[in-house]
Participant: 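Let me begin by handing over the structure; questions about it come next.
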2 protein chains.
Amino acid sequence: MNDQYDPISLEQLLCFNVYSLNRALNRFYQAAFGETGMTYPKFVVLSALDEAGPLTVSELSARASMEPSTLSPLLKRMAEYGVLTRIRAPEDERRVVVQLTDMGREAVTLVREAVLEGLKGVDLDPSQTGQIVKELGAARARIEGTKPARQLELGPMPPPLTNC
Amino acid sequence: MNDQYDPISLEQLLCFNVYSLNRALNRFYQAAFGETGMTYPKFVVLSALDEAGPLTVSELSARASMEPSTLSPLLKRMAEYGVLTRIRAPEDERRVVVQLTDMGREAVTLVREAVLEGLKGVDLDPSQTGQIVKELGAARARIEGTKPARQLELGPMPPPLTNC
DNA sequence: TATGAATTATTCGTGTACGAAACATTTGCA
DNA sequence: TGCAAATGTTTCGTACACGAATAATTCATA
């Protein structure tokens, strides 16, 4: 449809390419992780803790670029798995300190290898993606520091509120 | 932790940058979409249909880079909103043809403007991202055509199966 | 022309994802 | 000191996201 004049297509949009590549990567890793229960977000959490040591939930939130409300149930599951511990900080009981267990440190090594090997297999390991990674990081920084200029003007279309 | 020798950090990984930029973009658009009920995946579906005309679920799946099992409930909701219709193809009743309504065509115009304006605000509109978009597209193509070389070897850690 | 295989879509179970609200604790200041 | 505001985390409701199982239809071929 949309006859002559050519609006910008999805495939030309940065957001769509990021969106679809992200899910392609997730599917790829999920295939590699198989039945182990490992997932990409869990790998991110493990990595962040491995790099930075024990962190509170909000520090981890910043590192992993994930909201606390996303982390909370994720961390609970991971603690059940035994890869990390969650302990209220004694000096400020609002905080919860998250820390890898020995099992967690072993896991992160294996998973990191699998992830890097996977990326190498498609020519996307860090030695080949320096420039693009830099640009993506810059884009994220700009977006996170910006509020949308304008609200979408669209008759609200939340579901017809099936008058129950 | 992880003392001297420096393993590759999350921030250097393409996958992490794609992962975190994707969510930053989602949050950004969600802020612009506000209470309208619009979401980024819905925008993708609207756009794909606007570009290609009526499509079956699996054709749309390919265009939008989304699994049929994700599309199915999404399309149901969108049909309730009134932006599209889902009709079994008479000549092959296995297929369901998805088509924009007039309301859907109006919506896609407004949403597309909002999306483009948002991208422009952070210097990410198509005029400035040609190269990076090309590389992301190429990366996706390589990943989608590849199976992971090796399975992750990790003692399965699905939840301890709380013996209920 | 029957009937098993292939194709297409939906349903189901689980796991992110996030804003808003709820909750607990600590801080700041009257 | 005492209590409102601020801070940090969890809970809740909703919306993706996908593989596996299911269901409905069509195809292929014996």
Side-chain angles (χ1 to χ4, degrees), chain A residues 19-20 22-45 55-62 64-81 86-98 144 157-159 161, chain B residues 19-20 22-45 55-62 64-81 86-98 144 157-159 161:
Chain A
Y19 170 75
S20 58
N22 180 53
R23 292 210 326 295
L25 283 165
N26 268 330
R27 284 192 291 258
F28 183 77
Y29 286 131
Q30 212 49 60
F33 294 161
E35 303 301 306
T36 61
M38 185 53 52
T39 63
Y40 190 74
K42 292 195 182 96
F43 161 68
V44 169
V45 167
L55 295 172
T56 67
V57 171
S58 21
E59 290 166 342
L60 184 56
S61 164
S65 179
M66 227 176 274
E67 299 299 319
S69 57
T70 303
L71 276 175
S72 205
L74 190 55
L75 294 174
K76 185 185 283 188
R77 262 174 263 139
M78 294 177 77
E80 283 167 8
Y81 296 168
R86 295 144 76 224
I87 300 173
R88 288 264 161 203
E91 74 280 9
D92 182 348
E93 301 234 323
R94 289 171 303 182
R95 300 181 212 267
V96 169
V97 176
V98 183
E144 287 181 342
M157 60 177 195
L161 281 181
Chain B
Y19 170 75
S20 58
N22 180 52
R23 291 211 325 296
L25 283 165
N26 268 328
R27 283 191 291 258
F28 183 78
Y29 286 131
Q30 212 50 59
F33 294 162
E35 303 300 308
T36 60
M38 185 51 53
T39 63
Y40 191 74
K42 291 195 183 90
F43 161 67
V44 169
V45 167
L55 296 173
T56 67
V57 171
S58 24
E59 290 165 343
L60 184 55
S61 165
S65 178
M66 227 176 276
E67 298 300 320
S69 57
T70 302
L71 276 175
S72 206
L74 189 55
L75 294 174
K76 186 185 281 188
R77 262 174 263 138
M78 294 176 77
E80 283 168 8
Y81 296 167
R86 295 143 78 226
I87 300 171
R88 288 265 163 205
E91 75 279 10
D92 181 349
E93 300 235 324
R94 290 171 302 181
R95 301 182 212 265
V96 168
V97 176
V98 183
E144 286 181 341
M157 59 178 196
L161 279 180

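Each chain gets a letter, A, B and so on, in the order its sequence line appears, and its residues count up from 1. Computation of the quantities below employed the complete heavy-atom set of this structure, encompassing side-chain atoms and omitting hydrogens, waters and symmetry-equivalent molecules.
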Participant: My understanding is that only residues two or more places apart in sequence, or in another chain, count here; which of them pass side-chain hydrogen bond (donor to acceptor under 3.5 Å, both in side chains) with B/Ser20?
Facilitator: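 Scan of B/Ser20 (side-chain hydrogen bond (donor to acceptor under 3.5 Å, both in side chains), adjacent residues dropped) gives A/Arg140.
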
Participant: Output the rounded distance in Å from CD (B/Glu80) to C1' (D/dA15).
Facilitator: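 The distance from CD of B/Glu80 to C1' of D/dA15 comes to 13 Å, rounded to the nearest Å.
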
Participant: Locate the shortest heavy-atom distance separating A/Phe33 from A/Tyr40; write the atom from each residue and the value.
Facilitator: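 The pair with the smallest heavy-atom distance is CE1-N, 3.8 Å.
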
Participant: Within a strict 4.5 Å, meaning less than it, do heavy atoms of the A/Tyr19 and B/Val44 side chains meet?
Facilitator: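 The answer is yes, as the side chains (C-beta and beyond) meet within the 4.5 Å cut-off.
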
Participant: Sequence neighbours excluded, which residues qualify as side-chain hydrogen bond (donor to acceptor under 3.5 Å, both in side chains) partners of A/Arg86?
Facilitator: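 Listed in chain order: nothing, the list is empty.
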
Participant: Quickly work out the B/Leu60 CG to C/dT10 C1' distance and round it to whole Å.
Facilitator: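 Rounded to the whole Å, the gap is 15 Å.
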
Participant: Let me check something: any side-chain donor-acceptor pairs from residues 91-98 of chain A under 3.5 Å, sequence neighbours excluded? List them with distances.
Facilitator:
{"unit_1": "A/Asp92", "atom_1": "OD1", "unit_2": "A/Arg94", "atom_2": "N", "d": "3.1"}
{"unit_1": "A/Asp92", "atom_1": "OD1", "unit_2": "A/Arg94", "atom_2": "NE", "d": "3.1"}
{"unit_1": "A/Asp92", "atom_1": "OD2", "unit_2": "A/Arg94", "atom_2": "NH2", "d": "2.9"}
{"unit_1": "A/Asp92", "atom_1": "OD2", "unit_2": "A/Arg95", "atom_2": "NE", "d": "3.4"}

Participant: At what distance, to the nearest 0.5 angstrom, does CG of B/Leu75 lie from CD of B/Glu80?
Facilitator: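 It is 11.5 Å, given to the nearest 0.5 Å.
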
Participant: Can you check the A/Phe43 CZ to C/dG15 C1' distance for me, whole Å?
Facilitator: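 These atoms are roughly 18 Å apart.
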
Participant: Once you round to the nearest 0.5 Å, how far does OG of A/Ser58 lie from CD of A/Glu67?
Facilitator: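 Reported to 0.5 Å precision, the distance equals 11.0 Å.
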
Participant: Please report, rounded to the nearest Å, how far the P atom of D/dT9 is from the CZ atom of A/Arg86.
Facilitator: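 From A/Arg86 CZ to D/dT9 P: 11 Å.
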
Participant: Take the protein atom CD1 of A/Ile87 and the nucleotide atom P of D/dT9, then report the distance between them rounded to whole Å.
Facilitator: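 Checked: the CD1 to P distance equals 14 Å.
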
Participant: From the list C/dT16, C/dA9, D/dC16, which nucleotide is the closest neighbour of the side chain of A/Thr39?
Facilitator: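 In terms of side-chain proximity for A/Thr39, the closest of C/dT16, C/dA9, D/dC16 is C/dT16.
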
Participant: For nucleotides 24-29 of chain C, which of its nitrogen or oxygen atoms have a protein nitrogen or oxygen under 3.5 Å away, and what is each distance?
Facilitator:
{"unit_1": "C/dT26", "atom_1": "OP1", "unit_2": "A/Glu93", "atom_2": "N", "d": "3.2"}

Participant: Just call it for A/Ser72: base, sugar-phosphate, or nothing, with non-hydrogen atoms closer than 4.0 Å on any strand.
Facilitator: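 It contacts base atoms.
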
Participant: Can you name the nearest heavy-atom pair linking B/Pro73 to B/Ser69, along with the distance?
Facilitator: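 Residues B/Pro73 and B/Ser69, closest heavy atoms: CD-O, 3.4 Å.
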
Participant: With side chains defined as the heavy atoms from C-beta onward, is the minimum distance between A/Tyr81 and A/Lys42 less than 4.5 Å?
Facilitator: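 A/Tyr81 vs A/Lys42: side chains touch.
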
Participant: In whole angstrom, give the distance that lies between atom CZ of B/Phe33 and atom P of D/dC16.
Facilitator: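 It is 11 Å, rounded to the nearest whole Å.
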
Participant: Taking the side chain of B/Lys76 as its heavy atoms from C-beta onward, which of C/dA9, D/dG8, C/dT11 lies nearest to it?
Facilitator: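 In terms of side-chain proximity for B/Lys76, the closest of C/dA9, D/dG8, C/dT11 is C/dT11.
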
Participant: CG of A/Leu71 versus P of C/dG15: gap in Å, rounded?
Facilitator: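 Interatomic distance, CG of A/Leu71 to P of C/dG15: 16 Å.
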
Participant: Check whether any side-chain nitrogen or oxygen of A/Lys42 sits under 4.0 Å from OP1 or OP2 of C/dT16, and answer yes or no.
Facilitator: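 Affirmative; the distance criterion is met.
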
Participant: To the side chain of B/Thr56, which of D/dG8, D/dT10, C/dA9 is closest?
Facilitator: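 The answer is C/dA9.
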
Participant: Would you kindly give the CG-to-P distance between B/Leu75 and C/dT10, to the nearest whole Å?
Facilitator: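 So the CG-P distance, B/Leu75 to C/dT10, works out to 7 Å.
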
Participant: The side chain of B/Tyr81 is closest to which nucleotide in this list: D/dA15, C/dA9, C/dT10?
Facilitator: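 Side chain of B/Tyr81 sits closest to D/dA15.
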
Participant: Take the C1' atoms of the five end pairs on each side of the helix from C/dT1-D/dA30 to C/dA30-D/dT1, get both axes, and report the angle to 10 degrees.
Facilitator: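 Comparing the first five pairs with the last five, the axes sit 0° apart.
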
Participant: Could you tell me which non-hydrogen atom of B/Val57 sits nearest to which non-hydrogen atom of B/Leu71, and how far apart they are?
Facilitator: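 Of all heavy-atom pairs spanning B/Val57 and B/Leu71, the closest is O-CD1, 3.7 Å.
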
Participant: For C/dA9, does either OP1 or OP2 sit under 4.0 Å from a side-chain N or O belonging to B/Ser58?
Facilitator: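 Answer yes for this pair, as a side-chain N or O of B/Ser58 is under 4.0 Å from OP1 or OP2.
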
Participant: Measuring from atom CZ of B/Arg88 to atom OG1 of B/Thr56, what distance do you get when rounded to the nearest 0.5 angstrom?
Facilitator: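 B/Arg88 atom CZ to B/Thr56 atom OG1 measures 11.5 Å (nearest 0.5 Å).
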
Participant: Can you tabulate the close N/O pairs, meaning under 3.5 Å, that link protein atoms to atoms of nucleotides 17-20 of chain C?
Facilitator:
{"unit_1": "C/dA17", "atom_1": "OP2", "unit_2": "B/Tyr19", "atom_2": "OH", "d": "2.5"}
{"unit_1": "C/dA17", "atom_1": "O3'", "unit_2": "B/Arg23", "atom_2": "NE", "d": "3.2"}
{"unit_1": "C/dC18", "atom_1": "OP1", "unit_2": "B/Arg23", "atom_2": "NE", "d": "3.1"}
{"unit_1": "C/dC18", "atom_1": "OP1", "unit_2": "B/Arg27", "atom_2": "NH1", "d": "2.4"}
{"unit_1": "C/dC18", "atom_1": "OP2", "unit_2": "A/Glu67", "atom_2": "N", "d": "3.4"}
{"unit_1": "C/dC18", "atom_1": "OP2", "unit_2": "A/Thr70", "atom_2": "OG1", "d": "3.3"}
{"unit_1": "C/dG19", "atom_1": "N7", "unit_2": "A/Ser69", "atom_2": "OG", "d": "3.3"}
{"unit_1": "C/dG19", "atom_1": "O6", "unit_2": "A/Ser69", "atom_2": "OG", "d": "3.2"}

Participant: May I ask you to decide if B/Met38's main-chain N or O and B/Gln30's side chain share a donor-acceptor pair within less than 3.5 Å?
Facilitator: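 Checked: pair present.
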
